[in-house]
Amino acid sequence: MKGLEIYKNLEELDNESKYLVHKAKEAAHHAYAPYSKFFVGAALMLNDGTVVTASNQENASYPLCMCAERVALYVAATQHPGKVITKMAIVAHKKNHKELAAATSCGACRQVMLEFEQRQHKPFEVIMHHAPNEWIKSSASTLLPYSFDASNLKD
Ligand code: THU
């Protein structure tokens with residue numbers, strides 16, 4: 001998809017998106033986030049129906065922490081080479097919070113999503129929880145305008 005859609009309610013999303021959000025919520029429970037206590041789950045849908053889930057993985061050496069989105073994308077690329085990503089959902093919650101937190105992916109993850117779109121020659125939908133009663137459906141190129149990519153490096 002191009003552009004950005006905002007949904008007031010998860011119920012307004014299509015069934016596949018709702019399912020992926022559900023899988024992302026499950027994945028967030030396996031986050032290793034003892035430092036930030038910010039638990040992120042990501043779920044990817046592949047073109048053959050495979051669902052790949054991942055969570056953020058932290059380290060006492062803070063810069064080594066890895067976001068859930070990038071874990072999910074790299075798992076998809078290594079475990080399911082050649083398959084096309086059609087959709088991605090991201091959710092987060094804070095410790096002891098019942099409600100979801102904003103899971104608007106960081107710039108580094110948007111950059112990696114963009115390269116995945118480019119390498120598979122196909123955009124994929126990105127669904128992120130932004131605020132209570134606000135879900136965003138967009139794509140990497142919309143979420144990261146004027147980005148740096150392989151074309152910048154050409155002679
Ligand atoms: N985090 C993600 O998993 N995804 C993002 O897009 C932003 C941040 C993780 C990294 C770290 O473990 C924690 O959230 C706090 O930054």
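Ligands are counted one by one from 1 in listed order, and the atoms in each one are counted from 1 as well. Along the sequence shown, residues are numbered consecutively beginning with 1. Heavy atoms only: backbone and side chains are in, while hydrogens, waters and symmetry mates are out.
When each of Leu4, Ile6, Leu13 is tested with Lys137 by the rule side chain to side chain contact (heavy atoms under 4.5 Å, CB included), just one qualifies, namely Leu13.
Protein heavy atom closest to atom 3 (O) of ligand 1, with residue, atom name and distance, is Ala68 N, 2.9 Å. Of the protein's non-hydrogen atoms, Glu69 OE1, 2.8 Å is the one closest to atom 4 (N) of ligand 1. Closest to atom 9 (C) of ligand 1, if we only count protein heavy atoms, is Asn56 ND2, 3.6 Å. Counting protein heavy atoms only, atom 1 (N) of ligand 1 is closest to Cys67 SG, 3.5 Å.
Taking 4.5 Å as the limit, every side-chain heavy atom of Phe39 sits out of range of all side-chain heavy atoms of His29. In this structure the side chain of Glu11 reaches within 4.5 angstrom of the side chain of Lys18, judged on heavy atoms.
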Q: Starting from the C-alpha separation in whole Å, work towards a yes-or-no answer on side-chain hydrogen bond (donor to acceptor under 3.5 Å, both in side chains) for Asn59 and Ser61.
A: CA-CA 5 Å; Asn59 192 280; Ser61 175; 4.6 Å; no

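For atom 12 (O) of ligand 1, a protein heavy-atom neighbour is found at a distance under 4.0 Å.
For a threshold of 3.5 Å applied to N or O pairs, the pair formed by Val40 and ligand 1 contains no separation below that value.
Between Ser138 atom OG and Leu144 atom CG the span is 11.0 Å, to the nearest 0.5 Å.
Listed by number with element, the atoms of ligand 1 under 4.0 angstrom from any heavy atom of Glu58 are 11 (C), 12 (O), 13 (C). Taking every heavy atom of Phe38 and a limit of under 4.0 angstrom, the matching atoms of ligand 1 come to 14 (O).
Side-chain contact of Glu26 with Thr53: a donor-acceptor pair under 3.5 Å is absent, judged by distance alone.
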